[in-house]
Amino acid sequence: MSFIDSHCHLNYKGLAEQQQDVLERARAAGVSTMLTISTRESEWDDVIGIAERETDIWATVGIHPHEADSHAHIDTAKLVERAQHPRVVGIGESGLDYYYDHSDRARQQTSFRAHIAAARETGLPIIVHTRDAEEDTAAILREEMEKGAYPGVIHCFTASGAFADIALELGFYISISGIVTFKNARDLQETAARLPIDRLLIETDSPFLAPIPHRGKTGEPAFVADTARFLANLRGIDVMTLAGATSANFHRLFTKTAA
């Protein structure tokens with residue numbers, strides 16, 4: 001039985017200082033593949049370098065909505081260029097974050113559309129971050145899909161069941177993080193229990209959001225196994241079934257990993 005952590009930040013403080021130990025613990029926990037995500041241009045070389053060194057790690061290139069104001073120079077062409085690297089398998093993370101509003105909302109939307117265009121051009125999935133921005137996120141995803149199809153995943157899903165249905169209708173995958181294990185996550189648990197198993201991914205978003213029983217600790221990829229067990233129990237299926245399905249989904253979405 002093996003698990004895939006579809007979203008982690010191996011270059012972030014808390015993991016970077018003990019990177020090899022973190023990777024060894026993940027592998028010992030049955031994690032066969034990890035996708036390390038970039039959030040700003042200065043991280044691109046780091047995440048690609050990790051993926052070059054480790055055969056079970058892949059990377060993405062993208063700009064987080066928090067960083068949109070300081071990355072106005074990152075357009076579709078720059079994303080497409082860096083995405084040609086053989087270890088880069090996705091675009092993002094990108095999207096909209098109206099909870100913190102660290103960047104101007106119009107600039108976030110412009111950056112988001114540039115990332116979607118890069119996903120459309122490369123065929124690589126966009127990794128979508130959305131927080132307190134369901135309406136605008138759904139509108140942009142729909143508008144851009146009308147221009148031409150593109151693959152993607154809603155990462156660290158915490159939105160409404162209605163938004164989940166929109167994402168599924170558009171062909172997106174939905175990734176569940178350790179938040180689903182939290183006692184106050186009843187709405188999320190209800191949604192996670194009914195998502196189609198062929199559109200489901202699991203992630204840690206480490207070093208953030210460590211699941212129960214690790215809550216309060218620095219998150220790490222090994223903990224995706226705990227989220228998988230909780231999610232399998234929530235859905236009334238064997239954890240091996242969930243691990244197999246989410247792993248197959250990952251490789252079907254991130255096609256470069258299956259080549």
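All values reported here derive from a predicted model rather than from experimental measurement.
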Looking at T76 and A114, would you say the former's side chain and the latter's main chain have a donor-acceptor pair under 3.5 Å?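 Pair found, side chain donor or acceptor close to backbone of A114.
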Output the distance between atom [atom1] ([X]) and atom [atom2] ([Y]), rounded to the nearest 0.5 Å.
X: H7; Y: C156; atom1: NE2; atom2: SG; answer: 7.5 Å
X: T191; Y: L195; atom1: OG1; atom2: CG; answer: 6.5 Å
X: I91; Y: E121; atom1: CD1; atom2: CD; answer: 9.5 Å

Does anything in residues 13-40 pair up under ring pair (Phe, Tyr, Trp, His ring centres under 6.0 Å), and if so which pairs, sequence neighbours excluded?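 Every candidate ring pair (Phe, Tyr, Trp, His ring centres under 6.0 Å) pair involving residues 13-40 fails, so no pair, neighbours aside, qualifies.
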ILVMFWY clustering at 4.5 Å (side-chain atoms), partners of V80: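 Traced through the cluster, V80 reaches no other member.
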Could you work out the complete set of other residues in the hydrophobic cluster of F223, with links drawn between I, L, V, M, F, W and Y side chains under 4.5 Å apart?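 Members alongside F223: none; it stands by itself.
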Parallel, tilted or perpendicular: which fits the ring planes of F208 and Y12, with parallel below 30° and perpendicular above 60°?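 Plane angle over 60°, so perpendicular.
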Partners meeting side chain to side chain donor-acceptor pair (under 3.5 Å) with R82 (sequence neighbours left out):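 If we apply the side chain to side chain donor-acceptor pair (under 3.5 Å) test to R82, skipping adjacent residues, the hits are D45.
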Under 3.5 Å, is there a donor-acceptor pair between the E43 and H9 side chains?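 The answer is no; no qualifying pair exists.
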Residues Y173 and S6: side-chain donor-acceptor under 3.5 angstrom: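 No, no side-chain donor-acceptor pair sits under 3.5 Å.
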With F182, which residues qualify under ring pair (Phe, Tyr, Trp, His ring centres under 6.0 Å), at least two apart?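 Here no residue qualifies.
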Partners of H251 by ring pair (Phe, Tyr, Trp, His ring centres under 6.0 Å), sequence neighbours excluded?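 H251 satisfies ring pair (Phe, Tyr, Trp, His ring centres under 6.0 Å) with no residue once adjacent residues are dropped.
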Below 4.0 angstrom, N of the basic side chain to O of the carboxylate: do E54 and R87 qualify?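 No, no charged N to carboxylate O under 4.0 Å.
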